[in-house]
Amino acid sequence: MDLAFSLANNFLSLLDAMAIYILIGLLIAGFLKQIIPDDFIIKHLGNGNISSVIKATILGIPLPVCSCSVIPLAQSLRKEGASKGAVQSFLISSPITGVDSILATYSFFGLFFTIYRVISSMIIAIVVGIVQNIFDKEESKKIEKEQNSCSCSCSCSSKKEKKRFSIKEVFSYAYVTLFKDMVKPLFIGLLFATLFTTLAPKEYTSLLFENQILTYFVIILFSMPLYICATASLPIAAALIIEGMSPGAAFILLSAGPATSLITMGVVYKTLGKTSLIIYLTMIAILSLIFGYLFDLFFMDINILNFSLEEQTSSLFSQISSFIMLALMSYYLIKPWLYRKKQSCCSSKDCH
């Protein structure tokens with residue numbers, strides 16, 4: 001009974017710490033989706049130079065896409081003639097520094113770590129893009145030229161209707177499209193963090209994180225192949241810090257994880273080629289390790305955790321937000337299962 005109570009309490013504490021920030025972040029993302037034209041980013045990323053990389057990084061920050069939807073969007077950018085470096089910068093900056101992820105990072109780790117994460121992620125995205133364009137400069141120009149010659153007649157002749165602002169679409173995109181994409185990894189992240197903080201013995205976890213450099217490489221090897229959503233990885237990182245992991249190692253998890261996965265690797269390889277994939281993974285790993293080490297070197301003494309599992313009280317807004325988010329999570333997790341059950345029932349002979 002005590003174990004069940006501890007599990008429930010820790011789960012709700014983690015949910016309470018981030019719920020209001022995620023809901024607000026998603027709402028802002030919904031407004032941005034309505035305000036930003038669909039072809040705005042594509043128009044600015046065609047040249048294989050430093051400016052296109054910087055634009056891709058900066059424009060990727062507020063763009064309302066999660067770690068799932070950034071992949072097809074990056075593919076469409078490439079088809080429209082965006083340089084390889086710009087595509088890679090966009091793949092890194094957009095999911096890591098999305099508006100919902102920034103607010104959720106603040107909810108767990110406070111302002112200082114959030115600023116450090118955003119700035120360092122921008123630097124990583126820009127450096128990776130520049131290195132990519134240096135190594136693939138001629139090929140990028142060639143592809144860009146071909147893309148422009150093929151698509152010019154279509155893009156110039158077609159006139160797109162101006163997007164109308166809709167409050168309904170704001171909420172639909174925020175709490176249906178985006179939330180539905182992140183609900184499974186978010187729930188798994190909360191579940192893993194709850195189990196880890198409740199069941200993991202302190203004496204063993206402290207031994208695990210005793211060797212700082214070894215921890216960095218273990219986290220890199222663990223996070224890069226797996227699909228770790230930028231927002232859903234936050235409770236996992238918080239749980240690991242509670243158990244004794246350094247903030248720098250948490251930064252590596254939050255930096256390398258969302259930007260890489262087996263799915264992303266496959267898309268980068270297919271869309272940009274083998275050399276691009278090697279550059280992409282190598283540079284992300286090296287730069288994540290460097291920024292993680294620098295954080296521990298200079299800011300190790302800062303207590304970055306913005307919440308505590310021992311806190312018994314929370315504000316009314318936090319409680320309402322937690323209830324709303326728990327209701328949304330339950331709905332989107334149960335709905336597919338109920339739909340499959342209904343379908344299997346209707347496919348029987350008796351139903352016909």
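Everything numeric here is computed off the predicted structure, so don't read it as measured data. Below, all heavy atoms of this structure are taken into account, side chains as well, without hydrogens, waters or symmetry copies.
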Check whether any side-chain heavy atom of [X] lies under 4.5 Å from a side-chain heavy atom of [Y], and answer yes or no.
| X | Y | result |
| --- | --- | --- |
| Phe90 | Thr57 | no |
| Ser13 | Asn9 | yes |
| Tyr216 | Ile213 | yes |
| Ile167 | Phe31 | yes |
| Ile252 | Tyr293 | no |
| Phe108 | Leu305 | no |
| Phe179 | Met325 | yes |
| Val268 | Leu281 | no |

Measure the [atom1]-[atom2] distance between [X] and [Y] for me, rounded to the nearest 0.5 Å.
| X | Y | atom1 | atom2 | value |
| --- | --- | --- | --- | --- |
| Ser107 | Phe109 | OG | CZ | 8.0 Å |
| Asn133 | Ile130 | CG | CD1 | 8.5 Å |
| Ser255 | Met224 | OG | CE | 9.5 Å |
| Ile58 | Ile126 | CD1 | CD1 | 6.5 Å |
| Leu3 | Leu7 | CG | CG | 4.5 Å |
| Leu272 | Lys84 | CG | NZ | 6.0 Å |

side-chain contact (heavy atoms from CB on, under 4.5 Å), paired with Met283, selected from Val127, Ile92, Ile124: Val127
What are the two closest heavy atoms between [X] and [Y], and how far apart are they?
| X | Y | answer |
| --- | --- | --- |
| Val53 | Ala125 | CG1-O, 4.2 Å |
| Ile304 | Pro247 | CD1-CB, 3.7 Å |
| Gln319 | Asp16 | N-OD1, 3.8 Å |
| Thr215 | Ala249 | CG2-CB, 3.9 Å |
| Gly129 | Ser89 | CA-OG, 3.4 Å |
| Leu234 | Ser101 | CD1-O, 4.1 Å |

Treating Ile, Leu, Val, Met, Phe, Trp and Tyr as nodes and any side-chain heavy-atom pair under 4.5 angstrom as an edge, say whether [X] and [Y] lie in one connected cluster.
| X | Y | result |
| --- | --- | --- |
| Phe171 | Tyr173 | yes |
| Phe323 | Leu190 | no |
| Leu221 | Leu277 | no |
| Ile286 | Ile123 | yes |
| Leu287 | Ile278 | no |

Thr194 and Asn10: side chain donor to acceptor below 3.5 Å: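 The criterion, which ignores hydrogens and geometry beyond distance, is not satisfied for Asn10 and Thr194.
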Gln132 and Ser276: side chain donor to acceptor below 3.5 Å: yes
Tell me every residue that passes ring pair (Phe, Tyr, Trp, His ring centres under 6.0 Å) with [X], counting only those two or more places apart in sequence or in another chain.
| X | value |
| --- | --- |
| Phe112 | Phe299 |
| Phe251 | Tyr116 |
| Phe192 | Phe196 |

Evaluation steps, side-chain contact (heavy atoms from CB on, under 4.5 Å), between Val183 and Leu328: CA-CA 9 Å; Val183 66; Leu328 286 170; over 6 Å; no
Worked verdict on Ser246 versus Met300 for side-chain contact (heavy atoms from CB on, under 4.5 Å): CA-CA 7 Å; Ser246 70; Met300 178 67 113; 3.9 Å; yes
Donor-acceptor pair, side chain of Ser120 and main chain of Arg117, under 3.5 angstrom: yes
More than 12 heavy atoms from other groups under 6.0 Å of OH on Tyr269: no
Residues Phe295, Phe113; criterion ring-ring contact (aromatic ring centres under 6.0 Å, His included); working and verdict: CA-CA 9 Å; Phe295 192 93; Phe113 186 85; 5.4 Å; yes
Full working for side-chain contact (heavy atoms from CB on, under 4.5 Å) between Met329 and Leu15: CA-CA 11 Å; Met329 287 172 64; Leu15 183 67; 4.3 Å; yes
